[in-house]
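Nothing here was measured: the structure is a model prediction, and the numbers come from that model.
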Amino acid sequence: MSTGAEAIEQGILRDLTGYDQIEILGAREHNLKNIHLSFPRNKLVVITGISGSGKSSLAFDTIYAEGQRRYMESFSAYARSFIGNLERPDVDKINGLSPVISIEQKTTSRNPRSTVGTVTEIYDFLRLLYARAGEAVSYLTGNLMIRQSEDQIVEHILSAFENKKLIILAPVVKGRKGHYRELFQQIRKSGYSKVRIDGKIEDIVPKMQVDRYKTHDIEVVIDRILADPEDRYRLSQSIGTALKEGKGILMLQDQDGGLHHFSKYLMDPETGLSYDEPAPNTFSFNSPYGACPVCNGLGQTEEITVDSIIPDRSKSISRGGILPLGEYRDIWIFKKVQAILKRYKLDISTPIEEIPEEVINILMHGASAPVAVSSKKYPGTDWNTKFEGIINFLEKQKESGSEKIKKWVDEFMITRTCPECNGARLKKESLHFLIDGKNIGELAELDINTLASWFKGIEERLTEKQNIIAGEVLKEIRKRIGFLLDVGLNYLHLNRPLRTLSGGEAQRIRLATQIGTQLVGVLYILDEPSIGLHQRDNVRLIKALKDLRDLGNSVIVVEHDRDMMLESDYIIDIGPGAGRHGGHVVAQGTPEEFMAAGGTTVDYLTGEKNIAIPDERRKGNGKKLEILGATGHNLKDVDLKIPLGTLTLITGVSGSGKSTLIHETMFPILNQHFYRSRRDPLSYTEVKGLKNLDKVIEVDQTPIGRTPRSSPATYTGVFTDIRALFAQLPESKIRGYKPGRFSFNVKGGRCETCEGAGLRLIEMDFLPDVYVPCETCKGKRYNRETLEVRFKGKSISDVLEMTVEEAEEFFENQPKILRRIKTLNQVGLGYISLGQHATTLSGGEAQRVKLSTELSKKDTGKTMYILDEPTTGLHFQDIQHLMDVLQKLVNKGNTVLVIEHNMDVIKVADHIVDLGPEGGSEGGRIVASGTPEEVAKSGKGYTGKFLKQELKKG
């Protein structure tokens, strides 16, 4: 009986390609050493190995690049002529390759309009749901808006106003200024003799007009009629005419002077307020039909405030109290300010706090009366000049100034929640369509868990008509919410901008979207999807990947996570070292075969090697930093206490409030204190212990640059020293070359075809843009003359091509250069090249480049370093190197604060603060704090449970 099942299984594996394996022959891309490799199709395959061993070179630069190139080759010659040719990866042959979809960390959108809701399409379905099944409510009275047909209006009038005298009116102007001469002429020509102007009925006379500077309401008198059922025909004719003239709206004045409103569209019967017919774009913050008119659908406004211009009121204007003006100089603007102050018997040396608010208001917003400034050229003469105000001047510069000026004005801008929509992004009308008492903006602010609960059994709370309309849409919404829950993103909300997500979160959202497409026969390649995921949620992620596999797809995951490796169908270990010491297949096979093969990775998996737990936990220097009463987002009145001089870890399940507490509350507080930052922290009541620190450094995972011009060498500053060294060479001095000659950002020494980038951007209208090597310099960035200058036989381009490890040997006798390069090696980046394009670095690598830059600076012993998941992209062995570096920083007296999920890091901490117990609205509390042993012993929270098992292993 089993033979049939085996045949089906075999058929699925072979599918249409005729292959049951993916074979790679002779892969030599980057540091790969001509490897031959085959692994099963339609399985979950993990590629692991230490950082820089060649995992990404194999997965992305070989398998994905070849898949993409083959897809391009399927285009017509005409289409390819617009794209250019994609370079073939350095590999002899790949067999059994399916269409490839890559889900990387680096492809997050920076657009503030891109949100979790828009990218997963849940928000699009919500828009459709509200447009078709939403109930409109008046924002003036809270009444349900109604729409009536002509017949319904006639029936209503006959029953409610039987045998009463009525005046039927068609509104043509509502609350607008103007003289309306032409309108009255037109009404007269149409055969009407009376109009109602601002509540008073008047005859239309030739050349009739109203006061153009006042606001008016004008209605045409269509008919005066008695509501008699026998005169039904005349009534219906008049109603039809009134609706036509009033564009679907009519008004009725009864014999007592009372007004009644009727409409074919949505209307409040009490006030006559009407809404346009709802369509999906009525609920889109990216459409002018739905976006809030004040913030244009961003939910935030940028404004210049008095406090951002005058941060310190104890200073006088002459001492730089007004930031944009700076300290006193003999220039025109100061003369104007002096003239204004003189009028109020004040001068520029008066402290600002002693200047009346009325005068400050004139300085900020301008004066209507001209300002008399004494003439220097003609003594005794005054120049009468207009003063527009400092805030108005800055706003004008923001609109029309140069890029440099705009950047300068940005320093005084403060981002605030939009006062009109309160951050909901939509206009007032759109927020007054309700389903089960909630508008679309409220749903977009619910976390996915709460949203899923709200949609559970929603049919019972809807009317029969709403259920008929909403059936299919609800099915689609629930399906997509389910995918997000499957990948552990239950704590996000739909309005969360995509640019605020970590690399792992963005990747898991795209993974959820891909599961939703239900494609079959595809090869998916993922880059560390477990980043930012607590151990508890790993099971869900692994299940989601297995579901993708079970649909009939091949899934390749570049990963270091222990659980992911053991749950996979096949493991490939690339190594044994990084950079030139890697590029070989160390071991491969099913998890059982892999464990039997041995190697560095296996040693860590079996516990043969491990990251040692310190014998003693540091107590710190006895001082603390305390943030009390933090209530931002989901935080529940949290009191955070960090012992200084320790390695402190902030842990907790995804969405428990770690980033809110550290990045959005604590870091802005410290940043404002030390560097006068303009970013406001989320709400808190008090901060203590700031005097115990002298600076704060945040080392996050944002890219070190968004173009190929940025590289580790330029970011760390070592390239400046290298260029200075090349400029000192005899050959450079003979030719008259200065350090600028060796810069690829300025004209002179660079290749002008690619302007020193080494790559050219090919814009693809229907695919992501691709970079191809420059055909003139072949990626070397410089012109021939510059490359003729050599140090120890190497040109400036050769130096940029060197790995950090090679550069350390090469510059061993150049102490200034060596110090910076050494720190790059210490943080485990020995394998990257000095000139590697910033766009090709992962989030974890970018973070370690930043960390090395900070390490190469002189520290004071009173610095706080904040790191967010520094183990991203690190193998067990690399985590050991990183922890050695962080421990060195703490040993010098500094405080290192790390947000982390990795148990290997958590177990070596001096102090842990665990947030939870769950994510989203169920989180936001400190569940446990203390040493790892105390947190494990407490038995509270998920971190404690996993930590207990980890500490047992030793």
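- Side-chain contact check for V558 versus F60: some heavy-atom pair is nearer than 4.5 Å.
- A distance of 8.5 Å separates CD1 of I477 from CH2 of W454, quoted to the nearest 0.5 Å.
- D573 is not listed as a side-chain neighbour of V602, based on a closest heavy-atom distance of 4.5 Å or more.
- Between the side chains of T872 and E528, no donor-acceptor pair is found at a separation under 3.5 Å.
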Full working for side-chain hydrogen bond (donor to acceptor under 3.5 Å, both in side chains) between N634 and S921: CA-CA 6 Å; N634 66 334; S921 56; over 6 Å; no
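- Without hydrogens or angle criteria, Q507 side chain to I103 main chain gives a donor-acceptor distance under 3.5 Å.
- Closest approach of S656 and V653 over heavy atoms only: OG-O, 2.8 Å.
- Summarising the geometry, atom CG belonging to N553 is positioned 11.0 Å from atom CG belonging to L545; distances are rounded to the nearest 0.5 Å.
- The shortest heavy-atom contact between D868 and S659 is OD2-OG, 4.5 Å.
- In this structure, CG on L498 lies 14.5 Å from CZ on R113, to the nearest 0.5 angstrom.
- For the atom pair CG (L44) and CD1 (I542), the distance works out to 8.5 Å, reported to the nearest 0.5 Å.
- The distance from the CD1 atom of I906 to the CD1 atom of I650 is 11.0 Å, given to the nearest 0.5 Å.
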Stepwise salt bridge (charged side-chain N to carboxylate O under 4.0 Å, His left out) test for E869 and K658: CA-CA 11 Å; E869 292 195 71; K658 303 182 296 297; over 6 Å; no
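- When the options K546, R540, K43 are evaluated for a salt bridge (Lys or Arg N to Asp or Glu O under 4.0 Å) with E567, the one that passes is K546.
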Stepwise side-chain hydrogen bond (donor to acceptor under 3.5 Å, both in side chains) test for H534 and T943: CA-CA 8 Å; H534 192 272; T943 306; 3.1 Å; yes
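- Considering all non-hydrogen atoms of both residues, A27 and L32 come closest at O-CB, 3.5 Å.
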Check against side-chain contact (heavy atoms from CB on, under 4.5 Å), D124 and L128: CA-CA 6 Å; D124 298 334; L128 186 60; over 6 Å; no
Test side-chain hydrogen bond (donor to acceptor under 3.5 Å, both in side chains) applied to E459 and N467, step by step: CA-CA 6 Å; E459 286 87 350; N467 272 320; over 6 Å; no
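- Not a single donor-acceptor pair under 3.5 Å links the side chain of T62 to the backbone N or O of A59.
- Residues I24 and F39 have side chains in contact (heavy-atom distance under 4.5 Å, counting atoms from C-beta outward).
- Within the 4.5 Å cutoff, side-chain heavy atoms of T115 are placed close to those of F285.
- One finds no salt bridge joining E73 and R70 here, because no Lys/Arg side-chain nitrogen approaches an Asp/Glu carboxylate oxygen to under 4.0 Å.
- Of all heavy-atom pairs between S102 and R510, the closest is O-NH2, 3.5 Å.
- Side-chain contact between E922 and T450 is absent, with no heavy atoms from C-beta onward closer than 4.5 Å.
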Stepwise side-chain hydrogen bond (donor to acceptor under 3.5 Å, both in side chains) test for Y831 and Q836: CA-CA 11 Å; Y831 60 92; Q836 187 166 333; over 6 Å; no
L519 and L551: CA distance, side-chain angles, deciding distance, side-chain contact (heavy atoms from CB on, under 4.5 Å) verdict: CA-CA 8 Å; L519 287 173; L551 282 171; over 6 Å; no
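- Here the closest heavy-atom approach between residue S554 and residue N42 is recorded as OG-N, 2.8 Å.
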Considering only distance and modelled atom types, tabulate donor-acceptor pairs under 3.5 Å from the side chains of residues 46-55, sequence neighbours left out.
| unit_1 | atom_1 | unit_2 | atom_2 | d |
| --- | --- | --- | --- | --- |
| T48 | OG1 | E559 | O | 3.1 |
| S51 | OG | G873 | O | 2.8 |
| S51 | OG | D878 | OD2 | 2.8 |
| S53 | OG | I50 | O | 2.8 |
| S53 | OG | I574 | O | 3.2 |
| K55 | NZ | G49 | O | 3.2 |
| K55 | NZ | I50 | O | 3.3 |

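- The backbone N or O of S38 sits nowhere less than 3.5 Å from a side-chain atom of E23 that would complete a donor-acceptor pair.
- Side-chain contact between L533 and R508 is present, with at least one heavy-atom pair separated by less than 4.5 Å.
- Judged by distance alone, the side chain of Q518 and the main-chain N or O of I515 form a donor-acceptor pair under 3.5 Å.
- Crowding of K543 atom NZ: a count of heavy atoms from other residues, nucleotides or ligands under 6.0 Å not exceeding 12.
- No side-chain donor-acceptor contact under 3.5 Å links H584 to the backbone of G575.
- Residues N538 and S530 meet the side-chain proximity criterion, which asks for heavy atoms closer than 4.5 Å.
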Test side-chain contact (heavy atoms from CB on, under 4.5 Å) applied to V522 and L548, step by step: CA-CA 10 Å; V522 174; L548 204 56; over 6 Å; no
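- With hydrogens and angles ignored, the 3.5 Å screen pairs a side-chain donor or acceptor of R41 with a backbone N or O of G96.
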Test log, rule side-chain contact (heavy atoms from CB on, under 4.5 Å), inputs T600 and H875: CA-CA 10 Å; T600 308; H875 186 267; 4.2 Å; yes
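- Counting only heavy atoms from C-beta outward, the side chains of I509 and L484 approach each other to under 4.5 Å.
- When all heavy atoms are compared, the tightest approach of T590 to Y570 is N-CD1, 4.0 Å.
- From M903, atom CE reaches atom CG of L947 across 6.0 Å, with rounding to the nearest 0.5 Å.
- Residue K609 places its NZ atom among more than 12 non-hydrogen atoms of other residues, nucleotides or ligands, all under 6.0 Å distant.
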